[in-house]
Amino acid sequence: MPEGHTVHRLAAAFERAFGGQQVRTSSPQGRFSEAAQLDGRVLLGAEAVGKHLFLPFAPSADVDREAPVVRHVHIHLGLYGSWTFAGDPGFADAHAIGAPRLRMGEQEEELDDGGTAEWRRIVPRPTVRLRIAGACGLADLTGPTACEILDADGRQTVLDRLGPDPLRPDPDGRGRRRFVEAVRRSRTSIGALLMNQKIVAGIGNIYRAELLFRARLDPFVPGRDLSTGLLDQMWEDLVALMTYGARTGRIVTTQPGHREIEARIIERSRGTRQNGDEDPDVVPREESFYVYHRQTLPCRLCGTAVRSADLSARTVFWCPRCQSARSRRASWTREHPAAPWALVPDVDGEAA
DNA sequence: GGGACATGAAGAA
DNA sequence: TCTTCCTGTCCCG
């Protein structure tokens, strides 16, 4: 259940694990029979755009004799999809980013090969849609919303549906401006706009809730009511949050001073696992968020009970006091709002 | 063993 | 706005 930061980590992992290598491809489940067309081709690299992953395969000398065509495997993990990696010890080390565990979906975890490096003999689970195997390891894909082969035009069609991705380089600020302008043109609520991948690509339900909290912004305020200054700062905040997520594999939005040890007791049983939960050096999940999945618990800042409601087919979480329309109106409509996060500018650098 | 639920999105109505 | 699809986990009886 990844948001965009996980997909960017995945792309980096594929690049390191298989980039430039001839690979074997198969569909143990049988529902991606086109995998056979790619078997034995060279995997050229990996590309992440929003929550979409593209794996380009080199033309095949046999099949593409007339016109060489790069085939892009387009993968979207949706709500349930995940990748599981297994391989030689060196393979695992090579693409571990801040954590040695490698399941890249809801959790990162290695397939158990009994520690004998006999990963080639691991029988895929019956639900594995796509297996990619290289010289040093393999990756198994289960439960994706999309797993298909596209040509260059097909890939472009997917990209054309997407707004700017905060994790793509944006040196001239074009991505940020596209985001700001799209929001300001719309009467739709900011909480719904943030989930629309045409407005901004890569945000999911956690980043939505947490970004709105950090901006002290009511999820139900129409986009057109927001100032350019506020939206510029929200974009910058998103870049910082997602960059941290891509680096560590974890979403952490709370400032250190806002985390409470006693919250562990309350939330220990509430689910929402993240990569690295078992690592004592990272921020535990029950201290990672301000509002996500904290409905009925006291707001970390003001103690008011966090609320939840449906908003664009997903549950949104917010503090009705810190994010109250009435109390914040003055600051969002000003061109230079007193941005709350300016006081506590970024998540700290633990778990690098 | 059943049901609820989950970091998602497309297509029908 | 609704239904559907994809899988795994946890809680309950």
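Chain letters run A, B, ... following the sequence lines, proteins first, then strands; residues in each count from 1. These values consider heavy atoms only, across backbone and side chains, with no hydrogens, waters or symmetry-generated copies.
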Decide, yes or no, whether a salt bridge links [X] with [Y] under the criterion of side-chain N to carboxylate O below 4.0 Å.
X      : Y      : value
A/D170 : A/R176 : no
A/E118 : A/R121 : yes
A/E47  : A/R155 : yes

Can you measure [X] atom [atom1] to [N] atom [atom2] for me and round it to whole angstrom units?
X      : N      : atom1 : atom2 : answer
A/D310 : B/dA6  : CG    : P     : 10 Å
A/E148 : C/dC6  : CD    : C1'   : 14 Å
A/Q295 : B/dA6  : CD    : C1'   : 13 Å
A/I206 : B/dT7  : CD1   : C1'   : 4 Å
A/Y80  : C/dC10 : OH    : P     : 16 Å
A/H293 : B/dC5  : NE2   : C1'   : 8 Å
A/H5   : B/dG8  : NE2   : P     : 11 Å
A/L79  : B/dG8  : CG    : P     : 6 Å

Under the ring pair (Phe, Tyr, Trp, His ring centres under 6.0 Å) test, which residues partner A/F32, sequence neighbours left out?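 Ring pair (Phe, Tyr, Trp, His ring centres under 6.0 Å) list for A/F32, sorted by chain: empty.
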
Restricting to pairs with a member in residues 197-206 of chain A, which pass side-chain hydrogen bond (donor to acceptor under 3.5 Å, both in side chains), not counting sequence neighbours?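 Pairs touching residues 197-206 of chain A that pass the test: A/N205-A/R208.
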
Can you tell me how far [atom1] in [N] sits from the matching atom in [M], rounded to whole Å?
N      : M      : atom1 : value
B/dC5  : C/dG13 : P     : 15 Å
B/dA4  : C/dT3  : P     : 15 Å
B/dA10 : C/dG8  : P     : 23 Å

Quick one: label A/Q29 by what it contacts on the DNA or RNA (base, sugar-phosphate, nothing), any heavy atom closer than 4.0 Å.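 A/Q29: backbone/sugar contact only, no base atoms under 4.0 Å.
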
Ignoring the backbone of A/Y292, work out which of C/dT7, B/dA6, B/dG8 is nearest its side chain.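 The answer is B/dA6, which lies nearest to the side chain.
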
It should be established whether A/R31 places a side-chain nitrogen or oxygen under 4.0 Å from OP1 or OP2 of nucleotide C/dC6.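 It does, given that an N or O in the side chain of A/R31 lies less than 4.0 Å from OP1 or OP2 of C/dC6.
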
Phosphate contact (C/dG8 OP1 or OP2) by A/T127 side-chain N/O below 4.0 Å: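 So the side chain of A/T127 is within the cut-off, an N or O lying under 4.0 Å from OP1 or OP2 of C/dG8.
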
Nearest heavy atoms of A/Q37 and A/I149, plus distance in Å: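 Minimum heavy-atom separation between A/Q37 and A/I149: OE1-CD1, 4.0 Å.
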
What does the list of N/O pairs under 3.5 Å between the protein and nucleotides 9-13 of chain B look like, with a distance for each?
residue	atom	partner	partner atom	Å
B/dA9	OP1	A/H76	NE2	3.2
B/dA9	OP2	A/K51	NZ	3.0

Kindly indicate, with the supporting measurements, whether the criterion ring-ring contact (aromatic ring centres under 6.0 Å, His included) is fulfilled by A/Y207 and A/H5. CA-CA 10 Å; A/Y207 281 126; A/H5 68 298; 5.4 Å; yes

